[in-house]
Every structure is written in structure tokens, then in C-alpha cells.
Amino acid sequence: MPNEPLSLPARLCLLAWDTGRPAAAGTAPRTDLVRAGALVELARRGLLTDVDGIATPVDLDASAGDPVLDGLLDLVRESFPHPWRTWVTLRARVTSDAVREQLVAKGYVRAEKRRVLGVFPSVEYALDRVVVVEALRAETRQVLREPRRGETGRVPATAVSGRDAAVAVLAAAAHLFGDGPSGQRIRELTERAAEARPGLARVVREVSTALTERRAGNAVTVSR
């Protein structure tokens, strides 16, 4: 993974970016995936916890020290209680746009001002560190990969960091790399990702299910 520490939502935003088409207008890629990463990050840090399936702030005054995460934490505090799956999509663009701007500030993404039809101002965003994103994808695929008989080199789930395991599980749920690994591998990685906090496994499973269901729903809509 990149040497510079990046939050879960930032890593997932980069993973979802199409390196073959690095410039894009509008919001950051896969707003639901970025939001899912932010929810899991807050749960990993002990700032959100699960109470009967509801995403619940642990402390009304605590801070993550990250403007993206703190923005989402404030949103959860100020809103009616919602299940984790609802938060994956509810006003998710707010989080993904904030992550994109954070990546601009860190030099991963470049903002390019344009004028549509020579009149209307617009902004396009292009990756500045494509090599880093490609390395992130390769390492995430390696975490997800399962060996064939006699094959060596598989990374045991116990050797993967909790954060990298969470990235891999969410990326697989969003089908970023096509068909994912077996359910057994996902369960192993989910357990590894959840070791940081009691109850975190449920959070990871809930947001992963929301990502999978959303993708399935979009596929049905496109096929009609």
C-alpha cells in the first residue's frame, strides 16, 4: 500500500478511479464506496459504534482529526438515527466530494478548470499519481487472491493489516475487480479487519452488503 497514510475512504476513492480515463468531471468515483470506507474508518477508530444495527456516535464531542471523517461524524450526530446500510448512500456525495478535495490537497489528484462551450465554468479532476493507484490495486488484488493447488505466495489473512483487509473486503463488495474471491476468503479478511474493535465485524458486513445490493440494483436497471 502507499507509504503515505491514507484513510479508508481516500484509498477506496483512488481504487475506484479509472486510470485509463484519469480525467473526469463532477463528483468523486463511487460515492457509495467512499462513504462505506468512511463509516468503517469511524467505527475502527471507535467514534461510531453499532447499537442494534444503528450507526451511533460514541461521544458527542470526540473528533477524528480528519475533516472528511469529522464532517460525516457531525452529519450522523445531527440526523435521525439510521442503519449502517442507509448511511452508505444517504448524502454520500458530501463525503466523496470532501475526499476528492483532500486528495487534491495531498497531490494525488489535480483539479483543472474548464469552460463548457467557452462560457460555463467547470472543473475536471485528473490523477497525478497513477503509478501509486496502480500499485494500490495490485496489492489489493494480492490480498484478495486465493491460491490454486500447489501455488505459493498467497498472503494469509493474519499477515494482512486490519486496514488493508477492510479495503480489500469493501473493494470486493463493490466488484471493483470483477468476480471476487470465495466467501471463505472474504470471511477471513472481514475477521481480520474487525480485530480492531468489538462489534466491528457487523459494521463491515452491513456496509459490504449495502454495496453489493446497490451494484446488483444498478445492474438490473441497466439491463432493462
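Just so you know, these numbers come straight off a predicted model, no measurement behind them.
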Gap between atom CZ of Arg205 and atom OG1 of Thr212 - 0.5 Å precision: 13.5 Å
Electrostatic pair Asp97:Arg100 at N-O distance under 4.0 angstrom: yes
Where Leu33 and Leu12 come nearest, the two heavy atoms and their spacing: O-CD1, 3.8 Å
Side chain to side chain contact (heavy atoms under 4.5 Å, CB included) between Thr95 and Thr31, worked out: CA-CA 8 Å; Thr95 299; Thr31 59; over 6 Å; no
Close side-chain approach of Arg44 and Leu8, heavy atoms under 4.5 Å: yes
Inter-residue atom distance Leu69.CG - Asp74.CG, 0.5 Å rounding: 11.0 Å
Can you give me every donor-acceptor pair (side chain of residues 47-59, partner residue at least two apart or in another chain, under 3.5 Å) with its distance?
| residue | atom | partner | partner atom | Å |
| --- | --- | --- | --- | --- |
| Asp50 | OD1 | Gly53 | N | 3.3 |
| Asp50 | OD1 | Trp84 | NE1 | 2.7 |
| Asp50 | OD2 | Gly53 | N | 3.4 |
| Thr56 | OG1 | Ile54 | O | 3.1 |
| Asp59 | OD1 | Asp61 | N | 2.8 |

Minimum heavy-atom distance between Val99 and Cys13, given as atom pair plus value: CG1-CB, 3.8 Å
Ser79 OG to Leu72 CG distance, which is reported to the nearest 0.5 Å: 9.0 Å
Smallest separation among heavy atoms of Trp87 and Phe80, with atom names: CZ2-O, 4.4 Å
Within-4.5 Å side-chain heavy-atom neighbours: Arg197 and Val203: no
Interatomic distance, Leu127 atom CG to Leu14 atom CG [nearest 0.5 angstrom]: 7.0 Å
CZ on Arg192 to CG on Leu189, rounded to 0.5 Å: 10.0 Å
Non-hydrogen side-chain atoms of Leu170 and Leu176 separated by less than 4.5 Å: no
Residue pair Val207 / Leu211, side-chain heavy-atom distance below 4.5 Å: no
Chi angles and distances behind the side chain to side chain contact (heavy atoms under 4.5 Å, CB included) call for Leu75, Leu90: CA-CA 10 Å; Leu75 182 61; Leu90 182 63; over 6 Å; no
Shortest non-hydrogen contact between Ala168 and Val143, atoms and distance: CB-CG1, 3.6 Å
Gap separating the CZ atom of Arg110 from the CZ atom of Arg129, nearest 0.5 angstrom: 13.5 Å
Close side-chain approach of Pro83 and Glu206, heavy atoms under 4.5 Å: no
Thr86: side-chain hydrogen bond (donor to acceptor under 3.5 Å, both in side chains) partners, not counting sequence neighbours: none
Pair Tyr108-Val133, side chain to side chain contact (heavy atoms under 4.5 Å, CB included): steps then yes or no: CA-CA 9 Å; Tyr108 287 88; Val133 176; 5.7 Å; no
Shared hydrophobic cluster for Leu73 and Val94 (ILVMFWY, side-chain gaps under 4.5 Å): no
Residues in ring pair (Phe, Tyr, Trp, His ring centres under 6.0 Å) contact with His175, at least two apart in sequence or another chain: none
Side chain to side chain, Leu136 and Trp17, heavy atoms closer than 4.5 Å: no
Side chain to side chain, Leu15 and Arg30, heavy atoms closer than 4.5 Å: no
Worked check of salt bridge (Lys or Arg N to Asp or Glu O under 4.0 Å) between Arg11 and Asp164: CA-CA 10 Å; Arg11 290 183 181 213; Asp164 289 353; 2.9 Å; yes
Heavy-atom closest pair, residues Asp70 and Ser63: OD2-OG, 2.9 Å
Stepwise side chain to side chain contact (heavy atoms under 4.5 Å, CB included) check, Val68 with Ser7: CA-CA 9 Å; Val68 173; Ser7 67; over 6 Å; no
Side chain to side chain, Thr89 and Arg214, heavy atoms closer than 4.5 Å: yes
Arg91 atom CZ, neighbour heavy-atom count above 12 within 6.0 Å: no
Where Val169 and Ser208 come nearest, the two heavy atoms and their spacing: CG1-OG, 3.5 Å
Check ion pair Glu188-Arg185 (N to O, under 4.0 angstrom): yes
Intermediate values then yes/no, salt bridge (Lys or Arg N to Asp or Glu O under 4.0 Å), Arg35 and Asp32: CA-CA 5 Å; Arg35 169 59 69 76; Asp32 56 341; over 6 Å; no
